[in-house]
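First listed ligand is number 1; within each ligand, the first listed atom is number 1. We number each residue from 1, following the sequence as shown. Below, all heavy atoms of this structure are taken into account, side chains as well, without hydrogens, waters or symmetry copies.
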Amino acid sequence: MRETLIIGNWKMNGNLAENEKLLNTISILNDSSESIKVVVCPPSIYIAQVSQQLLKSKIKYGAQNVSAHKNGAYTGEVSTSMLHDFGCSYVLLGHSERRSFNYESDEQIADKFSAAVQAEIIPVLCVGETLTQRQCEETFLVIEKQISKVVEQVGIKAFEHAVIAYEPVWAIGTGETASPEQAQAVHTKIRRQLAELDENIAINIQIIYGGSVNENNANSLFSQPDIDGALVGGASLKGDNFMKICNASEKP
Ligand code: PGA
């Protein structure tokens with residue numbers, strides 16, 4: 001049985017006071033449940049604050065991006081060993097906002113993936129199609145390519161401790177969610193793609209959905225057999241709503 005994973009992606013939001021309040025609200029999450037794992041990904045500069053405040057909590061935390069390089073003259077970058085120093089367990093990679101605003105290529109994302117695996121930080125590989133690609137019926141093709149580019153570079157075994165997040169670009173921050181059936185169809189396809197290379201990895205890997213997940217639609221998404229959790233943006237900034245999403249994922 002795959003554990004349910006709910007990741008809050010704070011993006012470039014928050015400040016010391018707001019983060020403290022949010023963490024106070026959600027810090028009890030996970031205390032009573034063994035079947036779900038909750039993770040928050042604050043902006044890098046607040047990772048130290050989050051690590052301190054979550055010392056006694058079961059909530060894990062991670063970063064929204066990382067450099068593929070170990071160290072050196074890379075102004076503005078943060079390395080995997082720095083994330084490790086602050087106890088990060090996860091890192092988001094290839095988020096569509098980074099693919100479009102920072103022009104991250106599949107090759108660069110694969111390099112970061114490899115660096116994360118080496119540092120024993122779980123990479124969360126984000127994939128997804130744009131609206132035009134969906135309308136042109138290229139969804140599966142686009143996602144298959146995004147995944148295979150990484151697999152080619154890092155090898156399928158590197159996915160043993162990885163997560164895939166399916167995030168249709170048209171659903172991110174728009175209030176428009178993929179229907180549970182649409183998301184399930186893509187998740188199945190991803191699992192099949194991986195199964196051709198390694199059945200064990202395909203069965204065990206967590207494939208989570210992201211894109212306008214909220215407290216009202218979470219339950220129907222989580223009821224799909226191949227949706228193992230959610231990557232939550234906007235709704236992860238409101239403690240009560242994030243709690244409701246996490247509670248909706250509790251399997252009876
Ligand atoms: P959203 O963002 O929940 O605000 O749509 C999801 C994401 O970008 O990870």
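Although no hydrogens or angles enter the test, the distance criterion places a donor-acceptor pair under 3.5 Å between the side chain of Arg99 and the main chain of Cys126. Remark: side-chain polar atoms of Asn102 are not paired, donor with acceptor, to backbone N or O of Glu104 under 3.5 angstrom. No donor-acceptor pair closer than 3.5 Å links the side chain of Ser114 to the backbone N or O of Ala110. Under a 3.5 Å cut-off, the side chain of Ser57 and the backbone N or O of Ser27 do form a donor-acceptor pair. Using a distance-only test at 3.5 Å, with no hydrogens or angles considered, no donor-acceptor pair links the side chain of Glu129 to the main chain of Ile143.
Checked against a 3.5 angstrom limit, the closest N/O atoms of Gly233 and ligand 1 fall inside it. Considering backbone and side-chain atoms alike, Lys11 places an N or O below 3.5 Å from some N or O of ligand 1. For ligand 1, the polar-atom distance check against Ala235 finds no nitrogen or oxygen pair separated by under 3.5 Å.
Residue contact check for ligand 1: Gly173 places a non-hydrogen atom closer than 4.0 Å to it.
Atoms of ligand 1 found under 4.0 Å from any heavy atom of Ser212 (numbered from 1 in listed order, with element): 1 (P), 3 (O), 5 (O). Using a 4.0 Å cut-off to heavy atoms of His95, the atoms of ligand 1 that qualify are 7 (C), 8 (O), 9 (O). Near Gly211, meaning under 4.0 Å from one of its heavy atoms, ligand 1 places the atoms 5 (O). Every atom of ligand 1 is numbered from 1 in the order shown, and the set under 4.0 Å from a heavy atom of Glu167 is 6 (C), 7 (C), 8 (O), 9 (O). Interface of Ile172 with ligand 1, defined as ligand atoms under 4.0 Å from a residue heavy atom, comprises 2 (O), 5 (O), 8 (O). Under a 4.0 Å criterion applied to the non-hydrogen atoms of Gly234, ligand 1 contributes the atoms 1 (P), 3 (O), 4 (O). Counting atoms of ligand 1 from 1 in the listed order, those under 4.0 Å from a heavy atom of Ala171 are 5 (O).
His95 and Gln64 share no side-chain donor-acceptor pair at under 3.5 Å. For the residue pair Asn24/Gln53, the side-chain donor-acceptor check at 3.5 Å is satisfied.
Here the options are Asn204, Leu197, Asp198, Ile201, the test is side-chain contact (heavy atoms from CB on, under 4.5 Å), and the partner is Phe159; only Ile201 passes.
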